[in-house]
Amino acid sequence: NAGVTQTPKFQVLKTGQSMTLQCAQDMNHEYMSWYRQDPGMGLRLIHYSVGAGITDQGEVPNGYNVSRSTTEDFPLRLLSAAPSQTSVYFCASSVGAVGNQPQHFGDGTRLSIL
Amino acid sequence: SQQGEEDPQALSIQEGENATMNCSYKTSINNLQWYRQNSGRGLVHLILIRSNEREKHSGRLRVTLDTSKKSSSLLITASRAADTASYFCATASSYNTDKLIFGTGTRLQVFP
């Protein structure tokens, strides 16, 4: 039972490069979310999805794009990487609305922007 | 903006002692959740307490919720070195349960 799988685990980019962080879940969960975690701070919501084909912005969406073409996958795209996007990124899924159901997290992608 | 704020930011105790962490939030909520994060790992859900509950237990965990004060506490009894981790509260507004807002967390260190 894999749960939520994030790839890659580590990545170093140069300013201006683009990349996609992958997230896949095998629990048939409708809700998926992307968070970033910076030192001394809790998790901040970037984008979320309540089902295939439906996405919405979170607290810190600028510089990121998402799409949800399948229930299983929810990739996060950095359009033009900036040093301020250096962070640890977590993907999470839940069977229902995140306020009412436990979220299952991946182990994160550690991203450094030079 | 962060909806949940936790205190203390850091807590160091000896094995066998109890650890108490507090969380405050700002808006009306349906539920409050607590999560644990071991170093270098993702968050793991511990417990969910509903707004009409005042206290909930799960093993060595006891969670209280005071909606009039918009606050919650997590008590870990008889702590173990393996409890060393960061602990986060998380809430969603009653008006939008699609967004979960996390607190800044409490770092707990349990010494053997």
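Since this is a predicted model, take the numbers as computed values, not measurements. Worth knowing before you read on, the calculation uses all heavy atoms, side chains too, and leaves out hydrogens, waters and symmetry mates. Per chain, numbering begins at 1; letters A, B, ... match sequence-line order.
The contact between B:Asn30 and chain A is made entirely by side chain atoms (from C-beta outward), counting heavy-atom distances below 4.5 Å. Interface residue B:Leu48: only side-chain heavy atoms are found under 4.5 Å from chain A. Residue contact with chain A, scored on non-hydrogen atoms closer than 4.5 Å, involves the side chain of B:Gln37 exclusively. Residue A:Gln57 touches chain B through its backbone alone, counting heavy-atom pairs closer than 4.5 Å.
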Residues 91-101 of chain A, side-chain donor-acceptor partners within the protein, below 3.5 Å, at least two apart:
unit_1	atom_1	unit_2	atom_2	d
A:Ser93	OG	A:His29	ND1	2.8
A:Ser94	OG	A:Gly96	O	2.7
A:Asn100	OD1	B:Asn31	ND2	2.8

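Contacts between residues 66-78 of chain B and chain A, counted as heavy-atom pairs separated by less than 4.5 Å, involve no residue at all. Residues of residues 105-114 of chain A lying under 4.5 angstrom from chain B, judged on non-hydrogen atoms, are A:Phe105, A:Gly106, A:Asp107, A:Arg110 by number. By a heavy-atom distance cut of under 4.5 Å, not one residue of residues 78-85 of chain A is near chain B.
Among all heavy-atom pairs drawn from A:Glu30 and A:Ala52, the shortest one is OE1-N, 4.4 Å. Of all heavy-atom pairs between A:Ser33 and A:Gln103, the closest is OG-NE2, 3.5 Å.
A salt bridge links A:Arg44 to A:Asp38: one of the charged nitrogens lies within less than 4.0 Å of a carboxylate oxygen.
Using modelled atom types and a 3.5 Å distance limit, the side chains of A:Tyr48 and B:Asp98 yield no donor-acceptor pair.
Looking at A:Trp34, A:Tyr64, A:Tyr35 one by one, the single match for side chain to side chain donor-acceptor pair (under 3.5 Å) with A:Tyr89 turns out to be A:Tyr64.
A:Met32 has its side chain out of reach of A:Asp73: every pair of non-hydrogen atoms, C-beta onward, lies at least 4.5 Å apart.
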